[in-house]
Amino acid sequence: MNFNKICIIIFIGGLSFLIGSTIYNKSPIIFDEMNFVPNVELMSQLGFTKEFLVQMKNQAPGPLYQLIHWPLMPLTHLKPPAIRVVNLVFLLLIIFITSKVIKNTFKDLKFHHLFLALNIIVVPVTWVISGLALTEIPAMLFLSLSILMLSYIFNNDYSNQKILLFSTISGIFLGLASLGRTPYLGLILPILLVVFHKDFRSLKKAASLILPYFFIPLFFTIPIFVIWGGLVSPNQPIISGGIRFWHGFLSLGYGAIIFFLIAPKWFIFNRKILSALVTTFVLSFIYSTWFSTDSYFPFSVTITKFAPSYFIGFYKLIITPILICLAIYFVICALIHLYERRDNIIYVFSILSALLIMFSNITNSYQFSSRYVAQAIPFIIVSIVPFENVNWLKCLLAIVAMMIGFFSLNTYALIF
């Protein structure tokens, strides 16, 4: 049986279904769309001015969303489904750009680079962030472009001048991405690891890469933060609570699930690890049941609709220790892969960046959402490439994951 063809059909079918579901969904502005769209209307009145920035309401992310949708108003009129189609187009661009990053980064590919990039559709949360007019996809588009520029630098013997040019462009794209999602600003730190790469031992060469990439995103974001007087608009309600490490564990647990759905071979598994996982689960179960007040029930709305009550009770009992166990397992596997593939700088950069983005959710003290994990998707796809294996399990997981994605989207979109 040719699983490659079957998997391609599943990918294309899933993508087509996502496109159809989004276009068919003509429901009014819903969910967080109701927070972002009014700020586009505000920008259309005030322009991209200081007055606009201080009057933004109910929006933690920066003004990238408005900068995208404001010039498109004559086409979308800020109404569904047209305003949602923007994210669909951006998703297709992200898939194409990611395929180019994969092609640049991995010279001996077992599968076509576009096929590998289509794994983005397998990530369940992709369906929500691209099927609705939310803020993640525009930021991810510019992040993908930034990674693409870096992939050219690391896979070509460029002169210092050309490295400076590509790094400047990469920094500009990262600056724009950071205007849409502030955690991306933290990616100026992993780039410092290039000083350990054999091709960047020259101080001038390393400086040509690091300095533009490090400082340009700050030039984009710091003026906004100064105008706001903080990391969010003054009209955004500030929720106290400080650091929540529990949200970091949740993000890493979600990351583990995403990696498993796309590439189970990424996980290192043997009898010793099985014993360690069982022990970790038992300890996590004891901790979460008797000592911790933190809990989280992913897909609770969807499961409540379709599952019997006895399963819901069992699910709520075990899901928290499972997520804790997966988070620890995920980090250990990531560290092993970091060491084993330390010569591939884009691969190392991708895993470190994915971990950083996921764990940065400790700063979201108010609530956790799988959409925060979605910000790491471009890095996740690059990280699983060496472990892609198309077989019956891959096809089954892809179908299950996309069904979860669709039902998650339907929770908000009410397509049926």
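Excluded from the calculations below are hydrogen atoms, water molecules and symmetry mates; all remaining heavy atoms, backbone and side chain alike, are included.
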Are any non-hydrogen side-chain atoms of [X] and [Y] less than 4.5 angstrom apart?
X: I30; Y: E33; answer: yes
X: M43; Y: T49; answer: no
X: T22; Y: S130; answer: no
X: L174; Y: L145; answer: no
X: K394; Y: I262; answer: yes
X: L277; Y: I328; answer: no
X: F215; Y: I188; answer: no
X: W228; Y: M56; answer: yes

Atom CZ of residue position F142 - does it have more than 12 heavy atoms of other residues, nucleotides or ligands inside 6.0 Å?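 Yes, the 6.0 Å shell around CZ holds more than 12 heavy atoms from other groups.
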Show, in sequence, the C-alpha distance, side-chain angles and deciding distance for N235 and S233, and conclude whether the side-chain hydrogen bond (donor to acceptor under 3.5 Å, both in side chains) test is met. CA-CA 5 Å; N235 285 319; S233 167; 4.6 Å; no
Grab the two heavy atoms, one from [X] and one from [Y], that are nearest each other, plus how far apart they are.
X: S44; Y: M73; result: CB-SD, 3.8 Å
X: L148; Y: V101; result: CA-CG2, 3.6 Å
X: F48; Y: P63; result: CE1-CG, 3.8 Å
X: F349; Y: I191; result: CE1-N, 3.8 Å
X: N4; Y: F115; result: O-CE1, 4.3 Å

Within this structure, what is the OG1-NE2 distance for the pair T76 and H69, rounded to the nearest 0.5 Å?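 Between T76 OG1 and H69 NE2, I get 7.0 Å after rounding to 0.5 Å.
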Under the criterion side-chain hydrogen bond (donor to acceptor under 3.5 Å, both in side chains), I'd like the reasoning laid out for N39 against Q59: C-alpha separation, chi angles, the key distance, then a yes or no. CA-CA 8 Å; N39 287 326; Q59 180 176 318; 3.2 Å; yes
Would you mind listing every side chain to side chain donor-acceptor pair (under 3.5 Å) that reaches into residues 165-176, with sequence neighbours excluded?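 Qualifying pairs: S146-S170.
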Where the side chain of N155 meets the backbone of N104, is there a donor-acceptor pair that is under 3.5 Å apart?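 Present.
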Please check if the side chain of N361 supplies one atom and the backbone of M358 the other of a donor-acceptor pair under 3.5 Å.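 A pair under 3.5 Å: yes.
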Residues K110 and E388 bridged, charged N to O under 4.0 Å: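 A salt bridge is absent here (no side-chain N lies under 4.0 Å from a carboxylate O).
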Is the closest basic N to carboxylate O distance between K162 and D157 below 4.0 Å?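 So K162 does not pair with D157 through a salt bridge.
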When the side chains of residues 330-341 are checked against the rest of the protein, which donor-acceptor pairs come out under 3.5 Å, sequence neighbours left out?
residue: H337; atom: NE2; partner: W266; partner atom: O; Å: 2.5

Pairs of donor and acceptor atoms involving the side chains of residues 375-387, under 3.5 Å and at least two apart or interchain, shall be tabulated with distances.
residue: Q375; atom: NE2; partner: Y372; partner atom: O; Å: 2.9
residue: S383; atom: OG; partner: F379; partner atom: O; Å: 2.8

Show your working on side-chain hydrogen bond (donor to acceptor under 3.5 Å, both in side chains) between Q55 and E51 and close with a plain yes or no. CA-CA 6 Å; Q55 289 189 31; E51 187 179 4; 3.2 Å; yes
For the residue pair F36 and Y65, does the interplanar ring angle fall in the parallel (under 30°), tilted (30 to 60°) or perpendicular (over 60°) class?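 Because their plane-to-plane angle lies in the 30° to 60° range, the rings of F36 and Y65 count as tilted.
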